Amino acid sequence: MGCGSGEDPTAVMREFLREAGGCAVIDGGLATELEAHGANLNDPLWSAKCLISSPHLIAKVHLDYLEAGANIIITASYQATIQGFESKGFSREEGEALLQKSVEIAQEARNIFVKASSRKRPILVAASVGSYGAYLADGSEYSGEYGDAVTLETLKDFHRRRLQVLAEAGPDLIAFETIPNKLEAQAYAELLEENDIKIPAWFSFNSKDGVNVVSGDSLLDCASIADSCPKVAAVGINCTPPRFIHALILSARKVTDKPILIYPNSGERYDADKKEWVASTGVSDGDFVSYVSTWRQAGASLIGGCCRTTPNTIRAISRALQCS
Ligand code: MET
Ligand SMILES: [Zn+2]
């Protein structure tokens with residue numbers, strides 16, 4: 001296992017959760033809201049396209065989620081990669097500056113929100129790192145199938161510089177999102193150690209059966225990798241239908257005492273060929289929220305929404321949780 005000791009990032013997370021009243025609210029779908037405001041994200045950069053074309057819109061969506069009650073806002077860097085920016089004609093330096101900008105936009109939104117609000121609550125900025133499959137933009141973050149040519153080293157080389165740049169931008173957390181397989185979890189764990197990343201991280205996997213992560217690798221194995229990495233402060237699941245979440249929390253609990261995070265999607269089906277969500281296959285905000293107390297009781301302490309959830313979903317989660 002490739003992860004060393006140092007400061008205790010788990011302590012940072014536990015202190016945040018204590019301050020927040022024992023549980024905290026993660027924001028909702030960023031890309032979903034950018035699209036709701038008119039952004040066209042049909043692009044290999046997806047939501048990260050707005051870092052170039054409409055940063056003000058990203059700031060607005062962060063603010064909307066803060067106003068809805070989020071304690072954690074996730075940056076627009078999910079599909080932002082140096083390689084992706086380079087293929088759009090940007091230089092390496094420009095690509096790195098765009099990554100940095102994703103963190104700055106979220107930090108500024110937090111500052112604006114904190115200045116304007118009378119009730120104080122802890123707010124963290126989480127720098128998103130999407131999987132290699134997200135960069136490929138071929139839906140493979142939902143299959144976890146990268147092929148035999150992609151090795152641990154391929155994945156580490158792909159993520160290394162981006163992780164350094166995001167960490168140097170000074171977010172409160174690094175959010176490894178939608179991790180589709182064990183190999184990528186292992187790559188992240190080794191990179192955190194080898195680069196001695198000082199920012200606490202969370203590992204969030206996705207599943208399409210409530211038992212395994214999407215590649216078919218066991219969630220128990222994946223969550224164990226996260227558990228044995230001292231730099232990982234929380235472990236969980238995102239962009240997965242609500243109906244699978246309860247079993248996945250119980251399963252993660254078997255292998256870790258770290259805080260559990262969950263931010264399911266709306267349950268709608270994603271058509272990877274058409275690159276769109278199939279409407280009316282999901283649950284309503286009301287149904288989504290009816291799960292919240294069960295998730296909390298099963299052991300999740302960080303709860304939010306992923307694709308196709310909105311500030312309304314987050315407002316309802318925040319009311320249901322009533323942490324702070
Ligand atoms: C495919 S999961 C997407 C996660 C990302 N944070 C977003 O909401 O845009
Ligand atoms: Zn999602």
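Computed from a predicted model, the values in this text were never measured in an experiment. All ligand and atom numbering here is 1-based and tracks the order in the structure.
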Enquirer: Take the angle between the ring planes of Y142 and W277 and call it parallel below 30°, perpendicular above 60°, tilted in between.
Expert: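 The rings of Y142 and W277 stand perpendicular, inter-plane angle above 60°.
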
Enquirer: So that I know where these two stand, are Y78 and W46 an aromatic pair - ring centroids less than 6.0 Å apart?
Expert: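 Judged by ring-centre distance (under 6.0 Å), Y78 and W46 do meet the cut-off.
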
Enquirer: Near C307, which atoms of ligand 1 are under 4.0 Å from a heavy atom of that residue?
Expert: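 Reading through ligand 1 atom by atom, the close ones are 1 (C), 2 (S), 3 (C).
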
Enquirer: Which ligand 1 atoms does G29 reach within 4.0 Å, using its non-hydrogen atoms?
Expert: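 It comes down to these atoms of ligand 1: 8 (O).
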
Enquirer: For A70, is there any backbone N or O sitting under 3.5 Å from a side-chain donor or acceptor partner on R121?
Expert: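 The answer is yes, because a donor-acceptor pair under 3.5 Å joins these two groups.
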
Enquirer: Show which atoms of ligand 1 fall inside a sub-4.0 Å distance from at least one heavy-atom site of C306.
Expert: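 Near C306, the atoms of ligand 1 are 2 (S), 3 (C), 4 (C).
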
Enquirer: Identify, by atom number and element, the atoms of ligand 1 in contact range of T178, meaning under 4.0 Å from any of its heavy atoms.
Expert: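 Close to T178: 2 (S).
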
Enquirer: If we ignore hydrogens and angles and just use 3.5 Å, is the side chain of T81 paired with the main-chain N or O of Y135 as donor and acceptor?
Expert: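 Not at all, since once roles are kept as given, no pair shorter than 3.5 Å links the two residues.
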
Enquirer: So which bit of A76 gets within less than 4.0 Å of ligand 1, heavy atoms only: side chain, backbone, both or neither?
Expert: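 Under 4.0 Å from ligand 1, A76 contributes no heavy atoms.
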
Enquirer: Identify, for atom 5 (C) of ligand 1, the protein heavy atom at the shortest distance, and state residue, atom and that distance.
Expert: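 Going atom by atom, the protein heavy atom closest to atom 5 (C) of ligand 1 ends up being E177 OE2, 3.7 Å.
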
Enquirer: For atom 9 (O) of ligand 1, what's the nearest protein heavy atom and its distance?
Expert: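 Answer for atom 9 (O) of ligand 1: A31 N, 3.2 Å.
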
Enquirer: Could you tell me whether C239 and ligand 1 have an N or O pair separated by under 3.5 Å?
Expert: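 Looking only at distances, the answer is no, because the N/O contact criterion of under 3.5 Å is not met.
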
Enquirer: Looking at D8 and R14, does any basic side-chain N land under 4.0 Å from a carboxylate oxygen?
Expert: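 R14 and D8: not salt-bridged.
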
Enquirer: Touching ligand 1 at all, S128? Heavy atoms, strictly under 4.0 Å?
Expert: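 Under 4.0 Å: no for S128.
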
Enquirer: How are the rings of W295 and F288 set relative to one another: parallel (under 30°), tilted (30 to 60°) or perpendicular (over 60°)?
Expert: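 Correct class here is perpendicular.
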
Enquirer: Quick one: which of R18, E19, E15 gives a side chain to side chain contact (heavy atoms under 4.5 Å, CB included) with P122?
Expert: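 With P122 as partner, side chain to side chain contact (heavy atoms under 4.5 Å, CB included) holds for just one option, E19.
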
Enquirer: Show your reasoning for whether side chain to side chain contact (heavy atoms under 4.5 Å, CB included) applies to V125 and T75.
Expert: CA-CA 7 Å; V125 167; T75 63; 3.9 Å; yes

Enquirer: Among the heavy atoms of Y142, does any lie under 4.0 Å from an atom of ligand 1?
Expert: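 Contact present.
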
Enquirer: Evaluate L30 for polar contact with ligand 1, using N/O atom pairs at a separation under 3.5 Å.
Expert: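 Between L30 and ligand 1 (N or O atoms, distance only) the closest approach is under 3.5 Å.
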
Enquirer: How many degrees, to 10°, between C306 SG and C239 SG as seen from the Zn ion (ligand 2)?
Expert: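 Centred on the Zn ion (ligand 2), the SG/SG angle is 110° (to 10°).
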
